[in-house]
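Worksheet: one structure, shown below.
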Number of protein chains: 2
Amino acid sequence: MAGVKFSRQRQAIMDYLCSTKEHPTAETVYTNVRLHYPNVSLGTVYRNLNLLAEEGEILRLTCGDGSDRFDGNPKPHYHFLCNGCQRVLDLAMEPLNHIDILAAAGFDGIIEGHTVLFHGKCPDCKK
Amino acid sequence: MAGVKFSRQRQAIMDYLCSTKEHPTAETVYTNVRLHYPNVSLGTVYRNLNLLAEEGEILRLTCGDGSDRFDGNPKPHYHFLCNGCQRVLDLAMEPLNHIDILAAAGFDGIIEGHTVLFHGKCPDCKK
DNA sequence: TCTTAAAATAAGAATCGTTACTAATATTTT
DNA sequence: AAAATATTAGTAACGATTCTTATTTTAAGA
């Protein structure tokens, strides 16, 4: 990648994101990376999360509740937001390519893609 | 609605939202309502937009780009965000009820619903 | 290895969207 | 009309994110 240099901090952010199944916020990434690099700054975390998301190495999830979350798995997949505990879980389902076709019908622009977020009660909260 | 009183300001917000096909932000609602009521405050706009959204009289759209937008049409429908001009357009497509079933397969929680946002180039920007 | 230019950093200030507070005003009830 | 209660304008405060600046790291070349 042109003009991008390695940095320990970015590597640590990437490592943390890939080590968890949670979908942490920038703040959570910050506190966890700080366990190994006690003086990374929050700005560094934000800057690198943005960079990694733009490069397509991680996913950014905007769930509409406060802060964005990030996912170390960049392969497109769908997410579920629990309205009980606010946790975000991965869903095992195939890409819904057909809905882009449905959206394109009768629309005079170009549909390039979509984001979907499911909501409800997670396994723990449904009790 | 118990404990809710009429107010000219809320009515003006509602009127404006119903008069436009755009999907304005709180700030845009504010500047437009101010044309008729020059001293409504931004706080009043936010408070009423939240109230109306909770009552189900309007829709709140979280597109992940800066601020939330609002739609005077409360009937569930899908939206398109242009990555050229950032405009949000309505799409004419039926509710995708089946995707909740797909999501529920292999998921041990309860899927209550979903939000979808399509993106691409709007009719103007595709040229 | 030493030098050097470009990129990344820590720390903190600044900005943006939004919410909370408060005293005054508008709406509804009696 | 008076009392009760919701709503308001104005402003302070807030959380999330971005920006600024001086310093440190990285990587490429001599």
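Bear in mind that the values here come from a model prediction, so they are computed numbers and not experimental data. Below, chain A is the first sequence line, B the second, and so on; all start at residue 1. Hydrogens, waters and symmetry mates play no part in the numbers below; they use all other heavy atoms, side chains included.
Considering only side-chain atoms of B/K5, the nucleotide from D/dT17, C/dA26, D/dT5 that sits closest is D/dT5. Here the nucleotide nearest the side chain of B/Y46, chosen from C/dT9, D/dT18, C/dT18, is C/dT18.
In this structure, OH of B/Y37 is placed 18 Å from P of C/dT25, rounded to the nearest angstrom. Atom CZ of B/R60 and atom P of C/dG17 are 15 Å apart (whole Å). The distance between atom CG of A/L51 and atom P of C/dA7, rounded to the nearest whole Å, is 12 Å. Going from atom CG of A/L49 over to atom C1' of D/dA16 covers 13 Å, rounded to whole Å. Rounded to whole Å, the distance from CG on B/D68 to P on D/dG15 is 18 Å. Rounded to whole angstrom, the span from the CG atom of A/L42 across to the C1' atom of C/dA10 amounts to 11 Å. Rounding to whole angstrom units, CD of residue A/E55 and C1' of C/dA7 are separated by 13 Å. Atom C1' of nucleotide C/dT27 and atom CZ of B/R8 are separated by 10 Å, given to the nearest angstrom.
Looking at heavy-atom distances under 4.0 Å, B/F6 makes contact with sugar-phosphate atoms alone, never a base. Looking at heavy-atom distances under 4.0 Å, A/R47 makes contact with a base. Residue contacts for A/S67: at a heavy-atom cut-off of 4.0 Å it reaches the sugar-phosphate backbone alone, with no base atom in range.
Annotation: proximity of residues 9-31 of chain A to DNA chain C (heavy atom, distance under 4.0 Å) is found for A/Q9, A/R10, numbered in ascending order.
The aromatic rings of B/H23 and B/H77 sit tilted, their planes meeting at an angle between 30° and 60°. The aromatic rings of A/H98 and B/H98 are tilted relative to each other, their planes meeting at an angle between 30° and 60°.
An OP1 or OP2 oxygen of D/dT18 is reached within less than 4.0 angstrom by a side-chain nitrogen or oxygen of A/N50. Of the side-chain N and O atoms in A/S7, one or more sit less than 4.0 angstrom from OP1 or OP2 of C/dT9. Residue A/S41 places at least one side-chain N or O under 4.0 Å from the OP1 or OP2 atom of C/dA10. At the phosphate of D/dT8, OP1 or OP2 sits under 4.0 Å from a side-chain N or O atom of B/N48.
In the hydrophobic cluster analysis, where Ile, Leu, Val, Met, Phe, Trp and Tyr join through side-chain heavy atoms closer than 4.5 angstrom, B/V116 is grouped apart from B/L61.
Taking CG of B/L102 as the start and CE of A/M93 as the end, the distance is 5.0 Å to the nearest 0.5 Å.
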Between A/Q11 and A/D15, is a side-chain hydrogen bond (donor to acceptor under 3.5 Å, both in side chains) present by the stated rule, with each step listed? CA-CA 6 Å; A/Q11 186 62 54; A/D15 288 348; 2.9 Å; yes
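Taking every heavy atom of both residues into account, A/L91 and A/F118 meet most closely at CD1-CD1, 3.4 Å.
Ionic pairing of B/R69 and B/D65 is present here: one or more N-O contacts between side-chain nitrogen and carboxylate oxygen are shorter than 4.0 angstrom.
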